[in-house]
S.K.: 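This is the structure, below, for whatever I ask next.
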Amino acid sequence: MQMDSIKSGEHLSNIQRDNPQQIIDRKFFIDASNQRLTTIPQEILELKELEEVHLENNKIEVIPQEIQYLKNVRILYLNKNKLKKLCLGLSKLSNLESLDLSNNPLLSSIQVISHIRTLRQLWLYKNSLKEFPIAICKSLHHLELLGLSGNLLSSLPKEIVNQSKLREIYLNQNKFEVFPQELCALYNLEIIDLDENQINSIPEEIGELTLLQKLYIAHNNMPFIPESLCHCSKMSVLDFSYNSLEHIPHILTKLIEMTEIGLSGNHLGKVPHLICKWPSLYLLYLRNTGLQSLRHSFRRLVNLHFLDLSQNQLEHCPLQICALKNLEILALDDNKIQQLPPEIGSLSKLKILGLTGNQFLSFPEEIFSLTSLERLYLGQDQGAKFTNLPGCISKLQSLKELHIENNKLEYLPDSLGLLINLEILDCCHNFLRQLPNSICQAQALTELLLKDNLLTHLPENLDKLVNLKTLMLMENPITKPPIEVCAEGMEAIWAYLKENRSMKVMATKIQAWWHGVMVRKGLGRFEELQKPRKKGKIPPKDKKGKKAEK
């Protein structure tokens, strides 16, 4: 099967109507997204063999009736356009299985979709829907995925129960105040997303959804979790972040397949005991939950790869964390931690570490034992400020990002240039007066963020950073290059540095030539000519001349 596509930047003229070979050469896939199209080109409508068509992120206002001739299309993406109305020709696509009409100002005729009986996946994100059409519920009996996020829905029609094959439903960012009771009758549901609504309770009947695997209900008004959830034996992901929970029903320990739980932003005060009985947990979100310590049994979570404990009341880094050998991401930002334990070096797989906004007495050099670290966040928008960055930072040879903004750094160590994998260096809002010349050796750098420092000049070889895409210099008293050059962007800065270097080389050559001439004429040795003359002294030749006159 031949797979051809129009990539971003290519022109639709590549498909010529007068080129029969190109049309005969059966095309099954075409990508005409991001092309600023105002209509669907006729060239595409003539490719009868098409099965997958991408037209997203254009400016299409009308779907032509001729679309009905694309009888083989199974996947059609028209999201992020300017469609206000759907044509009847769309309903003739008898093989269409996946349709995305999200982010369009659809005001009418959405019922046309109800005639596409083969649909299995339908996305209607951000279409300003206040009601979901009953006709769709009654007619489309094969839907497996329904995306209605970002609308104005406050309820679902009771006819939604006809969607007996529905496996995934996305209703986040709507106006639901009550959990849609109708969902509890859709026994094949595996994923329910109701994030960012105003729901304050879940019916006990949710326990009848025995195939449910993922339930997202973050950013609502839930005061408790129904115990009947324990009957959803296949549950692996629960997100109740940012509700009003104070405890978690212990009976949920029956959910032995749990891999991810989000409890951030609830008033827990301590880690729920049942969490430590889920040894298969992979991701755990406990941000802003009022924690002052962790349970001793927390060390049992040996399969944790992601742990968020930021915005709590921890005064030290809990030793239990150091037992989590598989941890790859650890967020401890905005606590009251003053130092790290030496045992943190046992986290040999840790790749991302967040420590911003703590109360460190000095730079936590225990970090340097984390040789697998790729991203380090030490910006101190609150808490104690660091005055220096130790040279041992070069031990972190895997480091790709270093964020050390909002501190009191006056200089950076020369060893920073030894970080051969460093891509992003964020030093904004410090007291840096100059950059080390060695920074020019960090050839992997793509972003160098230096806003709001005390820099007056740049290293003369900074343009050797050939991969640098972003250089941020605002709010510095910089004079070399002049501020007007910096305002023109990196190309102007690079040109200035190169010209300045050339002028220095030329000046050196002229000086060397002049000294050579003086030596050849016997007017002094080269070493003497290089010495600065002392004020008030008469050159040797002048002295001899005066004696001769006497």
Side-chain angles (χ1 to χ4, degrees), residues 3-19 22-23 27-116 118-133 136 140 145-153 170 172-174:
M3 302 290 279
D4 289 339
S5 65
I6 298 177
K7 299 295 185 184
S8 182
E10 296 178 344
H11 299 289
L12 289 172
S13 57
N14 290 339
I15 304 176
Q16 296 293 338
R17 295 173 63 185
D18 56 356
N19 185 348
Q22 202 161 13
I23 294 177
K27 296 179 184 298
F28 295 93
F29 172 92
I30 196 162
D31 185 354
S33 59
N34 305 294
Q35 296 285 324
R36 299 183 179 180
L37 301 175
T38 56
T39 185
I40 301 177
Q42 188 66 31
E43 293 90 343
I44 291 179
L45 297 172
E46 291 182 2
L47 299 174
K48 308 302 184 187
E49 300 291 333
L50 280 177
E51 293 184 2
E52 183 168 345
V53 182
H54 290 257
L55 289 162
E56 63 267 30
N57 202 21
N58 281 294
K59 298 180 180 181
I60 299 171
E61 297 182 2
V62 178
I63 300 174
Q65 288 288 347
E66 290 85 348
I67 199 167
Q68 63 184 306
Y69 300 122
L70 300 181
K71 297 291 187 182
N72 293 306
V73 167
R74 295 184 302 104
I75 298 172
L76 177 59
Y77 292 158
L78 282 161
N79 49 305
K80 296 184 180 178
N81 277 283
K82 296 183 180 297
L83 298 172
K84 294 182 179 179
K85 189 176 181 180
L86 301 179
C87 68
L88 287 173
L90 193 65
S91 66
K92 306 294 184 181
L93 300 180
S94 56
N95 286 300
L96 192 61
E97 296 180 1
S98 298
L99 175 62
D100 193 345
L101 293 169
S102 302
N103 292 92
N104 279 287
L106 292 171
L107 300 177
S108 61
S109 69
I110 197 170
Q111 287 83 359
V112 169
I113 299 171
S114 64
H115 298 290
I116 312 174
T118 53
L119 271 184
R120 295 179 181 273
Q121 298 178 323
L122 174 61
W123 290 274
L124 294 169
Y125 294 159
K126 297 183 179 179
N127 292 124
S128 301
L129 296 177
K130 294 183 179 180
E131 295 181 351
F132 186 60
I136 293 179
L140 304 186
L145 182 152
L146 178 57
L148 295 169
S149 302
N151 282 291
L152 303 170
L153 301 172
Y170 299 90
N172 51 303
Q173 296 181 342
N174 274 284

S.K.: Within a strict 4.5 Å, meaning less than it, do heavy atoms of the Ile60 and Asn104 side chains meet?
M.R.: no
S.K.: Between Ser149 and Asn172, is there a side-chain donor-acceptor contact under 3.5 Å, judged purely by atom types and distance?
M.R.: yes
S.K.: Are there more than 12 heavy atoms of other residues, nucleotides or ligands under 6.0 Å from atom CD of Glu66?
M.R.: yes
S.K.: Rounded to the nearest 0.5 Å, how far does CG of Leu88 lie from NE2 of His115?
M.R.: 7.0 Å
S.K.: Are Asn103 and Asn79 linked by a side-chain donor-acceptor pair shorter than 3.5 Å?
M.R.: no
S.K.: In Å, rounded to the nearest 0.5 Å, how long is the span from NZ of Lys85 to CG of Leu83?
M.R.: 12.5 Å
S.K.: Restricting to non-hydrogen atoms, name the atom on Ser98 and the atom on Gln121 that form the minimum distance, rounded to 0.1 Å.
M.R.: OG-OE1, 2.7 Å
S.K.: Do the side chains of Arg74 and Glu51 get close enough for a salt bridge, i.e. N-O under 4.0 angstrom?
M.R.: yes
S.K.: Are any of the side-chain heavy atoms of Tyr125 and Tyr170 separated by less than 4.5 Å?
M.R.: yes
S.K.: Does a side-chain heavy-atom distance below 4.5 Å link Leu129 with Ile110?
M.R.: yes
S.K.: In terms of heavy-atom contacts, does NZ of Lys71 have more than 12 from other residues, nucleotides or ligands at under 6.0 Å?
M.R.: yes
S.K.: Between Asn81 and Asn58, is a side chain to side chain donor-acceptor pair (under 3.5 Å) present by the stated rule, with each step listed?
M.R.: CA-CA 5 Å; Asn81 277 283; Asn58 281 294; 4.6 Å; no
S.K.: Taking the side chain as every heavy atom from C-beta outward, state whether Ile40 and Ile67 have any atom pair closer than 4.5 Å.
M.R.: yes
S.K.: Could you check whether any side-chain N or O of Asn72 sits under 3.5 Å from a backbone N or O of Leu50, counting only pairs where one atom can act as donor and the other as acceptor?
M.R.: no
S.K.: Measuring from atom OG of Ser91 to atom CD of Gln68, what distance do you get when rounded to the nearest 0.5 angstrom?
M.R.: 8.0 Å
S.K.: Looking only at heavy atoms, what is the nearest atom pair of Leu45 and Pro64, with distance?
M.R.: CD1-CG, 3.7 Å
S.K.: Compare every heavy atom of Ile113 with every heavy atom of Leu119, then report the nearest pair and how far apart it is.
M.R.: CD1-CG2, 3.6 Å
S.K.: Would you please test Leu101 and Leu106 for side chain to side chain contact (heavy atoms under 4.5 Å, CB included) and show each step?
M.R.: CA-CA 9 Å; Leu101 293 169; Leu106 292 171; 4.2 Å; yes
S.K.: To the nearest 0.5 Å, how far apart are CG in Leu140 and CG in Leu146?
M.R.: 9.5 Å
S.K.: Where do Ile116 and Leu99 come nearest, in terms of heavy atoms and distance?
M.R.: CD1-CD2, 4.2 Å
S.K.: Let me see the working for Leu70 and Leu96 under side chain to side chain contact (heavy atoms under 4.5 Å, CB included), right down to the final yes or no.
M.R.: CA-CA 10 Å; Leu70 300 181; Leu96 192 61; over 6 Å; no
S.K.: Please name the pair of heavy atoms, one in Asn95 and one in Thr118, separated by the smallest distance, quoted to 0.1 Å.
M.R.: C-OG1, 3.7 Å
S.K.: For the backbone of Gly89 and the side chain of Gln65, can you confirm whether one donor and one acceptor N or O come within less than 3.5 Å of each other?
M.R.: yes
S.K.: Is it the case that the side chain of Asp100 and the backbone of Tyr77 share a donor-acceptor pair, with hydrogens and angles ignored and the cut-off at 3.5 Å?
M.R.: no
S.K.: Would you give the length of the straight line joining atom CG of Leu152 to atom NZ of Lys126, rounded to the nearest 0.5 angstrom?
M.R.: 12.0 Å
S.K.: Distance check, rounded to the nearest 0.5 Å: Glu56 atom CD versus Gln35 atom CD?
M.R.: 10.5 Å
S.K.: Closest approach of Phe132 and Leu153, non-hydrogen atoms and distance?
M.R.: N-CD2, 3.7 Å
S.K.: With the side chain counted from C-beta on, respond yes when Glu52 and Phe28 share a heavy-atom pair under 4.5 Å apart, and no when they do not.
M.R.: no
S.K.: Would you check if the side chain of Thr38 reaches a backbone N or O of Lys59 as a donor-acceptor pair within less than 3.5 Å?
M.R.: no
